[in-house]
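Residue numbers begin at 1 in each chain, while the letters A, B, ... track the order of the sequences. When reading the values below, keep in mind they use all heavy atoms of this one structure, side chains included, and skip hydrogens, waters and symmetry mates.
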Amino acid sequence: MNVATDWALPLVWAQQSELDSIPWLKWIIVLAVVFFGIFPGIVAYMVWGERKVAGRFQDRIGPNRVGPFGLLQPIADAIKLITKEDIVPRTADQWVHLLAPVMILVSAFLVLPVIPFGLGLAAVNPPSGLIYLIAVSSISALGIFLAGWSSRNKYSLLGAMRAVAQLVSYEVPQVMSVIPVILWTGSLSMVAIFDRQVEYGWFIFSPPGLLAFILLTIANIAEVNRTPFDLPEAESEIIAGYHTEYSGMRFGLFFLAEYLSVFAVSCLGTAVFLGGGTLPWPFTGEPVVTLGSGQGLLSLILVNLPLIGIFMAKVGLYVFLMFWIRCTLPRLRVDQLMSFAWKVMVPLSIINVFIAALWYEFVFRPGRPNYLLGWGVTAPLVLISVIVVLSIYKAQMKADLAASPTSRRRIATAN
Amino acid sequence: MSSELLFEFVYFIPEIVLAFWGLLVILLDVALLRGRPSETRGKILGMVSLVGAILALVSVFVPDMLSFGSATGAPETSIFFGAIFQGPVVERFSAFIIILLMFVIALSTTWNFTEHWGEYFGLLFWTAVGMIMLIAAEELVTLFLTLELMTISLYIITAFEKDLNRSSEGALKYFVYGSVSSALFLFGLSLLYGLAGTTRLSAIGAVLEPQQSVAGLGRNIAGAMSVLLILVGFGFKISAVPFHQWAPDAYEGAPAPVSAWLATGSKLASMIALTKVLIQALGAWASGDGNLASPGWVGILAVIAALTMTYGNFAALAQKNLKRMLAYSSIAHAGYMLVGVMAVAVAAGSRVAAGPILFYLVVYSVANIGAFAVAAWLFRDKKTDEIEDLNGLFAQYPFLAVCTLLLMLSLIGIPGVAGFWGKFFMFSEALTQGEDKHRLTFLWLVGLGLMNSVISAFYYVRVLRAMFLRPSTGAPLKPPTFAIRVAVIGSALVVIIFGLYPTPLTDETDRLADSRIFDSRLKHTGPAPKVALNGGLQPVASPVGK
Amino acid sequence: MNQILFGVIATLGVLAALGTVLARNLVHAALFLVAFFFLVACQFVMLEAEFLAAVQVLVYIGAVAIILMFGIMLTRNIQGDDTTTVSKAGFISGGLAAAGLLAVLVFGILDDEGRTGRAGWRDVTTRPAVYPVAARASAEQTKAVNNMGFVVGRELLTRYLIPFEVAGVLLTAALVGAIALAVQDGPSTDDPAERAKKAAEHTAAAETEPQLTSA
Amino acid sequence: MHDIPLTWFLIFASACFVIGLLGVLVRRNAIAVLMAIEIMLNAANINIIAFWRYSVPGPEESPVSGPMLAIFVITIAAAEVAVGIGLILLCYRRRASADVDQYDSLSG
Amino acid sequence: MIIYNYVFIGMLLLGAIGFAMAPVIVMGILGPKKRSKSKSEIYECGLLTTGETWVRFRIQYYIYAIMFLVFDIETVFLYPWAAAYESLGLFALVEMVIFLLILAVGLVYAWAKGVLKWV
């Protein structure tokens, strides 16, 4: 039962209706309220959440001065940043210096309209939604480079180059780990992925799906430059990486963009692997659908309230996972970071695509899906490939370590 | 669907073998031969690639062994949904290209001009794949893609002699010209795609066919622009005059085996592709009504051919560097061949008009392989490729000097050597084909061609004079490797045999030329799939209710 | 509404292209180029080829722009020195040639009358409608426009199989070639003595290497 | 609300093509020439997709012949940029400038 | 119509640019403006910058960018194959394996050549 499309919110421009005039007013309201109201609010309070969680991990309280439990802290930060002086180095390239943070923030914003928060609650449902999402999130790499270049500071340029090299290396596994999902749904549109998970249960409940989810999560963490992959902007490394020359609200934009992309990336993770808005067992939706059978806004909200709640809970868990990792894992060295991407993540995601094709034959092929055989075949395959790739990587690292003393001398004489 | 597709893969085996042998060589170089110095790596990988080329050569004739190849009279088909053409032309010429590839591989092992041998041989294999499929391409998509595979790999191997500045600068100049002309070529293709609505060459020919009656390119500016841009793209590949600036620098900059490959393989494949596209797809616009108001593209081609011939020869007169002189001579030969292409264009009558071009291509490539083998030998010992360094070659290696003499004579076109027959057949074809309104232009062109052959004698003779009359200056040349010896003597033999008795090769090339891709007239009668004419641009008559 | 949108995107696109060609600072030129790529992607969306718009953004802005930027950085061209300026005389002659070509192209486009069975370019003002989907679900064209990812996948591995494999070989050739060109020519053996000899021989060869002759 | 006529797209593509050609003729820096070539390739892409969208493919034709050609053109353009920048870096390493005219060791 | 999906995205794009620029403009108005030469110098841990902004770059950056470009295009080919998987038979799977093998050779080559190491 294709639940989502029956409840086409007027907002979702499914192709059925040949709309001539665009309801500008309704769109502007939605934009103002949802995209520039609710999402920044969520992001602001994610910042607060992170500082509270980090505090708890390090056995301290975290922000509690401003308002009850420090709830007004994000607002205080925002006001502080806005009232700071806008210092831009004289030799910096004025326009590009401003363009860079805007570009990164916009690329994070553009990801959100495609994600199906609930039944038909994806603001926009283009037929090739997933590749649109990947394309838009790849623009941020260019924004980071421009930030580093435009401030004409040697160290920020070097930090930007390293950040872009890392982003670029981890974007390949991110892009490839989503392919099993497309394989199983047979279409690129996000709402179709949601429908498929409504029928067949979450995609994470399969060996290739689990491996793909892990790869996606690692790549997501690297994509938003968070520990253990946050070397380019690590405080102890190169001053403050590519946003050395940014102060006041320009730096605020970077901060906002980073957390918005954390939110966007975790929405992607939940929508694609954790069946955004549905409960683990295949969701028949009969009880809820009959409750709000009308077409109006009220019935829509009634139907979608539980779904949005579930979706936000999953996103919350995903983001908490990232906070948790930030507080526990140490920062990776540059060469470990890069070689891990190319020598472990990329081969694994390529192998995973074929295991997913195998899983498709067992489960999704229109005949009688037998999960038992599916698990029986793909689970060992996944384990074997992970073990093999990691052992090759370990052997490679050991060989490099053994050769390193001489190579240290060779590097010294080289340049 | 897949069983019949598997059946078609048998025609595709040479390309598969070449592509995977390229991968094998690259992995071999990086994996097994890691620590060894580059000389030994070059030799070993040279042997391995030679084995691969022989394997590919054998696999060209596999369809014949399984008795459904073209030799056994199987009809010409276009396989893989019309992407690739399979017929005697493709089979014989892919075999010829693989033979040329074997010569180039053998020449590459003469001296150690690069560190990265695995990549060099791998890219060499992939250029061969590009060339073979360029001859076989039946569709704009496959045509443009294989053209680009060939040229991009050629840009890279031209820059492989990293010790010398000229190699990377020649490659950069070749790259800049190449990508500009491929962008122009693509725009021409997009206009053609717009005019015809289909990407398949035969279908394009069928769509443009009814327009034959209307004056060629007269009223049709968009068609004229697309033909002009396509001619720019191909003009660059065969280094015709207005687009030749890259050729001398790329030939001189590249290591000798690579410039041999550029002069023979790349020009051969591009010339056949040019003929195929112009005749099969744009045949309808060839001649128009012959008067100025509605010229076909034959007029444009005539101007380009004349310019190319004369400029190629005059510029070569002043050359001191052997490879640069051979570059200008290859430009001049491109001019002669364009005359042959024009003969085919206007040859509404016989379908065999393309035979002389194929004959000329074979003879020209063989002669060039020998000439560049001498250049490789020269560079190996004296690290320069000036013509004076050939002084006194006759004194030390009389037999090889005589062989190079024969090659030079063939390039001039002296009677008694194969080059003469090449020009003779092509020019006689030009004079006999086409209606009388073309007679005047062809007369002019053949006259110009003969005059140019005479001029070309002067700069080829300078090489002979250096070899035979001049006393040897500087260190004498060390004995050549077996590969250079085989290349020079082999090509001299071929040139002499077909010089004295050309009929076997002419019959073979005429048999090859009698195929669907070289005949503009065949479309509406032949098996070409009929394009549903109601397809294509929707006439405005049916206003969609909006 | 469509036509206004097209007008805006087209003018911005032409301006971005001009900016790429005329900007003195190379990084600014690269930025205009990125803007041009994005506006071409918007044109693809106006042509309802949105899978292609996403591919265009992903490949061009995601990867090609970054390689161009690294190229600019690695050739020390941060502020754009005199090599990037445009000589006055060259500009006028180039400009005239370009304007002439544009005039011929535009005249050719506007004046093209169709061949039998195919409407001329100037007559085609409406595109074959593919909506509402339900009415024309079966038409190949409708499926191609509405779910292009699916149809491209099916065509890619049946009709366009050969170009697909050739594209694979082309990508590997570009990768292997670019790495071979970029890697410093260190000796394959590891001992520094060989390296020193190689370096000395390298510089010695540089003087005596044959410069290309003139004429 | 009527469609955009085909000729508008063609004129836009031709304008970008000509600007790209102007860039190639006028700029001296190798990377700037590379950017101009990218503009020309994109202009051709727009042309192809415009023709594809405004024509109904015949029964024999594939419904996505336009986008397929466009995707292959994008891969070729990307491979060309990768090799081009590689060559420019190689030339730069040897001769410390990316200016096309300065590479005169191959003059004539 | 597909275009309307993207009109909404276009509006969101403009809105996001406005949302990003607004605070910076407000900061320009509200914030104190005490210009001083030292403040607008480039920050290098307090030292004055020497030489122009160019650092001896390694070729690594360029090699990572190419690797990304090639594997990016590989995924562009993988997406439509995955989308059309059920209507393509076993034959398509074999072709895709060949395609990935060819590109995996590129990765193995780069790995064995040692260019992926961050020296």
Check each atom of Tyr109(E) against the heavy atoms of chain C and say whether the ones under 4.5 Å are side chain, backbone, both or neither.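 It is the side chain, since no backbone atom gets that close.
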Could you tell me which of Ala110(E), Gly10(E), Ser87(E) has the largest number of non-hydrogen atom pairs under 4.5 Å with chain C? Ser87(E)
Engaged part of Leu156(C) at the chain E interface, taking heavy atoms whose separation is under 4.5 Å: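 Contact with chain E: side chain only.
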Applying side-chain contact (heavy atoms from CB on, under 4.5 Å) to Met73(C) and Tyr62(E), what does each step give before you reach the verdict? CA-CA 10 Å; Met73(C) 290 304 132; Tyr62(E) 166 65; over 6 Å; no
Criterion side-chain contact (heavy atoms from CB on, under 4.5 Å) on Leu5(C) and Val7(E), from CA distance to verdict: CA-CA 9 Å; Leu5(C) 211 56; Val7(E) 169; 4.2 Å; yes
Is Val64(C) close to chain E through its backbone or its side chain, or both, or neither, when contacts mean heavy atoms under 4.5 Å? both
Side-chain contact test, heavy atoms from C-beta onward, threshold under 4.5 Å: evaluate it for Cys42(C) versus Tyr6(E) and give yes or no. no
Among the options Ala173(C), Ala63(C), Ala174(C), pick out the one with the most heavy-atom pairs lying under 4.5 Å from chain E.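 Of the candidates given, the most pairs with chain E belong to Ala63(C).
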Can you say whether Leu47(C) sits under 4.5 Å from chain E via the side chain, the backbone, both, or neither, judging by heavy atoms?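 Neither part, no heavy atoms under 4.5 Å.
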To the nearest 0.5 Å, what is the distance between CD on Gln60(E) and CZ on Phe70(C)?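 So the gap between those two atoms works out to 11.5 Å.
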Taking all non-hydrogen atoms of both residues, which atom of Asp72(E) and which atom of Val59(C) are closest, and how far apart?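 The answer is OD2-CA, 4.1 Å.
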Considering only heavy atoms, which portion of Phe77(E) lies under 4.5 Å from any heavy atom of chain C: side chain, backbone, both, or neither?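 Both parts, heavy atoms under 4.5 Å.
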Could you give the distance from CZ (Phe71(E)) to CG (Leu171(C)), rounded to the nearest 0.5 Å? 10.0 Å
Supply the atom-to-atom distance Leu69(E) CG to Leu175(C) CG, rounded to the nearest 0.5 angstrom.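 The CG atom of Leu175(C) is 9.0 Å from CG of Leu69(E), to the nearest 0.5 Å.
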Leu13(E) versus chain C, the contacting section by heavy-atom distance below 4.5 Å: side chain
Of the backbone (N, CA, C, O) and the side chain (C-beta and beyond), which part of Ile66(E) lies under 4.5 Å from a heavy atom of chain C, both, or neither? both
Least distance between heavy atoms, Glu165(C) atom then Glu95(E) atom: OE2-O, 3.3 Å
Separation between CG of Leu161(C) and CD1 of Ile98(E), rounded to the nearest 0.5 Å: 8.0 Å
Given heavy-atom pairs under 4.5 angstrom as the criterion, report whether the side chain, backbone, both or neither of Phe51(C) touches chain E.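 When you check distances to chain E, only side chain atoms of Phe51(C) fall under 4.5 Å.
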Heavy-atom closest pair, residues Ala65(E) and Ile67(C): CB-CG1, 3.6 Å
Phe38(C) CZ: over 12 foreign heavy atoms closer than 6.0 Å: no
Nearest heavy-atom approach of Gly153(C) to Ala84(E) is C-CB, 3.8 Å
